[in-house]
There are 2 protein chains.
Amino acid sequence: MAKDNKSVETQQQILDAARRIFSQKGLAGARMQEIADEAGINKALLHYYYRNKNLLFEQVLEEAVRKLFKPLAVFLMEDSDLFDKIRNLCHLYYSVLMKYPFIPNFVTNEASMDRERVFKLIKLDGIIDGKNKTVKQIEQYIEDGKIRPVDPRDLIWNIISLCVFPIISRPIAGRMLYQSEEEMEAALKSRADHVADFIIAAIKV
Amino acid sequence: MAKDNKSVETQQQILDAARRIFSQKGLAGARMQEIADEAGINKALLHYYYRNKNLLFEQVLEEAVRKLFKPLAVFLMEDSDLFDKIRNLCHLYYSVLMKYPFIPNFVTNEASMDRERVFKLIKLDGIIDGKNKTVKQIEQYIEDGKIRPVDPRDLIWNIISLCVFPIISRPIAGRMLYQSEEEMEAALKSRADHVADFIIAAIKV
DNA sequence: CATATTTTTAACCATTTGGTTAATACTCTT
DNA sequence: AAGAGTATTAACCAAATGGTTAAAAATATG
């Protein structure tokens, strides 16, 4: 049994490499040899730790799905004021996705190729419980006249879209909208606030 | 020289098949044999009309990029009232993307794999001219007190996000937010209007 | 109808790729 | 230091895959 930490270090290097390669090239486009090279090891060693490509991919995908859905689950479950929740979600998403900008595209793309594989990794029950909770909260806010009448599910979908899509479209939209990389980076920094403001302005009476 | 139309018909079948396969599996995941089967022809015939996989892919990608950016270019260039433009864009995008729902994911994914390949296909000059025009229009609306002060580029990015992302995320979000496929289909029908309302509510003073 | 041209196919081929094997280096325990 | 177990490697293999070739249908042309 691996008592020393050389092996876990190697496994970590493999996972890091796999994350980079898989997220950039997808399951079909990634080459085991390339992952091994990127990890600085032999291809046979790669198979020694991760029996095959699919298993390795599944591990990387699971991690990505978890990271992508955690902020959403937190948002949907939270008990606090709706406006606070929205601001929190925007900031949480931006900090996570700025750190792992490849995740949204990686997951949505895999979902379009093999929907079920992604579903199996989402704790759907928890999400749906949270969704029902937040839908109720939104309905209550409408009833209390705190926000305009909107379809709660449309609203949730809009919020997610505004948090996630800018990251996916950044390579293209950045070049279209901004003069330079730096200008875009700067704009991105304040986007979490702007998006939250935008959403709240759209619903507040 | 092909005077008859059997050959163009075959080429069309190939393109249709290639669209389906490439958009579902990506460049690396698609198999020439599978495209040939889907088109009901021999693999050698596939190479007879399209010399190699890359050329065929490029053709499918170009078409997808054109379809994805046309509504945006129209929006950015249009001279009419900003609110009308926004409503138009939402409806245009929804009609195009409901017809070709695979396009956004296909293009964003390819952009994340090979950014330059996508850039080369976008008529960037036209888009940027239009962008400058619409940015000026938004600034004018702010100055005239018709809308709240917002960063024009953030606003444009938000509009695009709200039009495009729901299509990308539909397989996942649909199952999370709605009880059944039919319920989601129904909700989707009115989304173009809701999204336009949402955006306008967010900026109108 | 004969022949030139285009379309379609079956059989092949070279390369790539995921995965295996068997042997070697390393590390830890006693 | 010896031996057991673990980590690592080079060489290899079978299957899959993009692409080619040469011949056969089919079609157009005179």
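Chain identifiers are assigned alphabetically (A, B, ...) following the order of the sequence lines, protein sequences preceding nucleic acid strands; residue numbering begins at 1 within each chain.
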Would you tabulate the side-chain donor-acceptor contacts of residues 170-178 of chain B under 3.5 Å, counting partners in other chains and residues two or more places apart, or write 'none'?
unit_1	atom_1	unit_2	atom_2	d
B:Arg175	NH2	A:Glu116	OE1	3.3

**Request:** Among residues two or more places apart or on two chains, list those pairs meeting salt bridge (Lys or Arg N to Asp or Glu O under 4.0 Å) that have a residue in residues 124-138 of chain A.
**Result:** A:Asp79-A:Lys133
**Contact pattern, 5' to 3', of nucleotides 8-21 of chain D - B, S or - by protein heavy atom under 4.0 Å** = BBB------SBBBB
**Request:** Please collect all side-chain hydrogen bond (donor to acceptor under 3.5 Å, both in side chains) contacts where either partner lies in residues 25-35 of chain B, sequence neighbours excluded, each pair once.
**Result:** B:Lys25-B:Glu34, B:Gln33-B:Asp37
**Partners meeting side chain to side chain contact (heavy atoms under 4.5 Å, CB included) with A:Arg66 (sequence neighbours left out)** = A:Glu62, A:Glu63
**Item:** Pairs satisfying ring-ring contact (aromatic ring centres under 6.0 Å, His included), at least one member in residues 107-127 of chain A, at least two apart
**Value:** none
